[in-house]
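Counting starts at 1 for both ligands and their atoms, in listed order.
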Amino acid sequence: KSSPVTIAVTGAAGNIGYAILFRLAAGELLGPDVQVRLNLLDIPDAAQALEGVAMELADCAFPLLESVNTFSDPVRAFDGVNCAFLIGARPRTAGMERADLLSANGEIFAPQGRALADGAADDLRVVVVGNPANTNALIAAHHGRGIPRERFTALTRLDHNRALAQLAQATETGVGEIEGVAIWGNHSASQYPSLEFATVAGVPALEVLKARGKDHSWVEDEFIPRVAQRGAEIIRVRGGSSVGSAAHAAIEHMRDWMSDEPVETSMAVPSTGAYGVEEGLVCSFPVICEGGEYRIREGLELGEFSKARLRASVEELKAERDTVLSLGLLA
Ligand code: NAI
């Protein structure tokens, strides 16, 4: 038997926390042979609710769950952690400016980055779910001194899965037939879900769509906004934000990152300068995960439309970065 893996979940008393913890404890991330230690972090105000979640986890008597511990101090929660799901964040409230939002979140993600640097395990992997996810990951990575930057990623897998689902529906195929879909840029309304290199059962998706009367204007006016604004649509229809699908995407993001076999997906990762995206910005790219690592899929010849969409989203990432820089959050 391999040694237990310590998984930290922040915002563990929240909605996504509640949707992810039972699946992690059931072994969905690491498989049936790996014992799991869960470190649950939330703010002091949520301590009692957090305790209740821990009680329910105990009540499941999960064979793979070695321990559950609850914390309000990130330094203690991140001690020895191998996988960190940073879900807790400060939501935008009425009248809050973007700079206020970035500032409030910087005050969460800077100390969390430092706490990870203090005590996390050498093989640490971080996925930031809490919004604004890309810039929160940038802040955590900056303060996680000594931890390789590429270990800090942000979640765009939900956007990726939404794009897969929309394309499958539009082409009346199964998601298993689709390859090459990618999310580029920021996890925000400016994101660029790209079909440029996608295939459906081996045929270019754009051709398959065209044969069904769906041309570029369908991609631009229906597909892209549908994917980019799906979160708002879910809120409207369900009466609450995406929770189950977000938790699922976060598990898949981490699981694929650890995969030995090659998997193609999308992740927001510190840019290596690929596709002209300024180095260090946490930007979504198509990636290939293999051997426990990911690499940005390089060498795709982006057309003018794709380049312009990517550039626009990267401009937003730069503006967020410049704001947190001016707030002193990257000092
Ligand atoms: P929620 O409001 O139900 O839960 C958030 C939890 O985080 C609360 O329990 C809160 O007390 C906790 N929290 C706040 N500050 C904290 C801190 N400093 N340390 C630890 N915990 C802290 O929200 P929900 O639905 O669980 O969503 C969480 C985040 O995920 C939000 O920021 C949301 O916008 C984001 N999200 C991101 C998605 C993505 O695809 N990247 C998809 C869906 C949601």
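Ring to ring, H216 and F305 are close: their centroids are under 6.0 angstrom apart.
The heavy atom nearest to atom 39 (C) of ligand 1, out of those in H187, R90, H160, is found in H187.
Hydrophobic cluster membership of L158, counting Ile, Leu, Val, Met, Phe, Trp and Tyr whose side-chain heavy atoms lie under 4.5 Å apart directly or via other members: none, as it forms a cluster of its own.
Ion pairing of E172 with R212 is present here, as a side-chain N (NZ or NE/NH1/NH2) and a carboxylate O approach within less than 4.0 Å. With salt bridges taken as basic N to acidic carboxylate O contacts below 4.0 Å, none links K210 and E207. Using a cut-off of 4.0 Å between Lys/Arg side-chain N and Asp/Glu carboxylate O, R295 and E290 are scored as salt-bridged.
Closest non-hydrogen pair, F109 versus L86, comes out as CE2-CB, 3.8 Å. L50 and F71 get closest at one heavy-atom pair: CD2-O, 3.8 Å.
Looking at heavy atoms from C-beta onward, E150 lies in side-chain contact with Y294 at the 4.5 angstrom threshold. Put simply, the side chain of I43 does not reach to within 4.5 Å of the side chain of S72, judged on heavy atoms.
Looking only at protein heavy atoms, the nearest one to atom 17 (C) of ligand 1 is I43 CG2, 3.6 Å. If you check which protein heavy atom lies closest to atom 18 (N) of ligand 1, you get I108 CG2, 3.4 Å. Nearest to atom 37 (C) of ligand 1 among the protein's heavy atoms is V129 O, 2.9 Å. Closest to atom 28 (C) of ligand 1 among all protein heavy atoms lies I87 O, 3.4 Å. In terms of protein heavy-atom proximity, atom 33 (C) of ligand 1 is closest to N131 ND2, 3.7 Å. Looking from atom 26 (O) of ligand 1 to the surrounding protein, the closest heavy atom is I16 N, 2.9 Å. Atom 12 (C) of ligand 1 has its closest protein heavy atom at D42 OD1, 3.2 Å.
Between A46 and ligand 1, not a single N/O pair is under 3.5 Å apart. Taking distance alone, with nitrogen or oxygen atoms compared against 3.5 Å, G14 approaches ligand 1 more closely than that limit.
Listed by atom number, the atoms of ligand 1 under 4.0 Å from G88 heavy atoms are 7 (O), 13 (N), 22 (C). Within ligand 1, counting atoms from 1 as listed, the ones closer than 4.0 Å to a heavy atom of G11 are 6 (C), 7 (O), 12 (C), 20 (C), 21 (N). Of all atoms in ligand 1, listed by their number and element, those nearer than 4.0 Å to a heavy atom of N15 are 1 (P), 3 (O), 4 (O), 25 (O), 26 (O). Within ligand 1, the atoms closer than 4.0 Å to a non-hydrogen atom of Q112 are 19 (N), numbered from 1 in the order shown.
Distance alone, capped at 3.5 Å, is enough to place a donor-acceptor pair between the N39 side chain and the A77 backbone.
The nearest protein heavy atom to atom 21 (N) of ligand 1 is closer than 4.0 Å. For atom 15 (N) of ligand 1, the nearest protein heavy atom lies closer than 4.0 Å.
The closest approach between any non-hydrogen atom of S242 and ligand 1 is below 4.0 Å. Residue R157 places every heavy atom at 4.0 Å or more from ligand 1.
With a 4.0 Å cut-off on non-hydrogen atoms, A246 touches ligand 1 through its side chain and not its backbone. At a heavy-atom cutoff of 4.0 Å, ligand 1 is contacted by the side chain of L158 but not by its backbone.
Follow the hydrophobic side-chain contacts under 4.5 Å out from Y192 and you reach V287 in the same cluster.
In this structure, the side-chain hydrogen bond (donor to acceptor under 3.5 Å, both in side chains) partners of S242, at least two apart in sequence or on a different chain, are R162.
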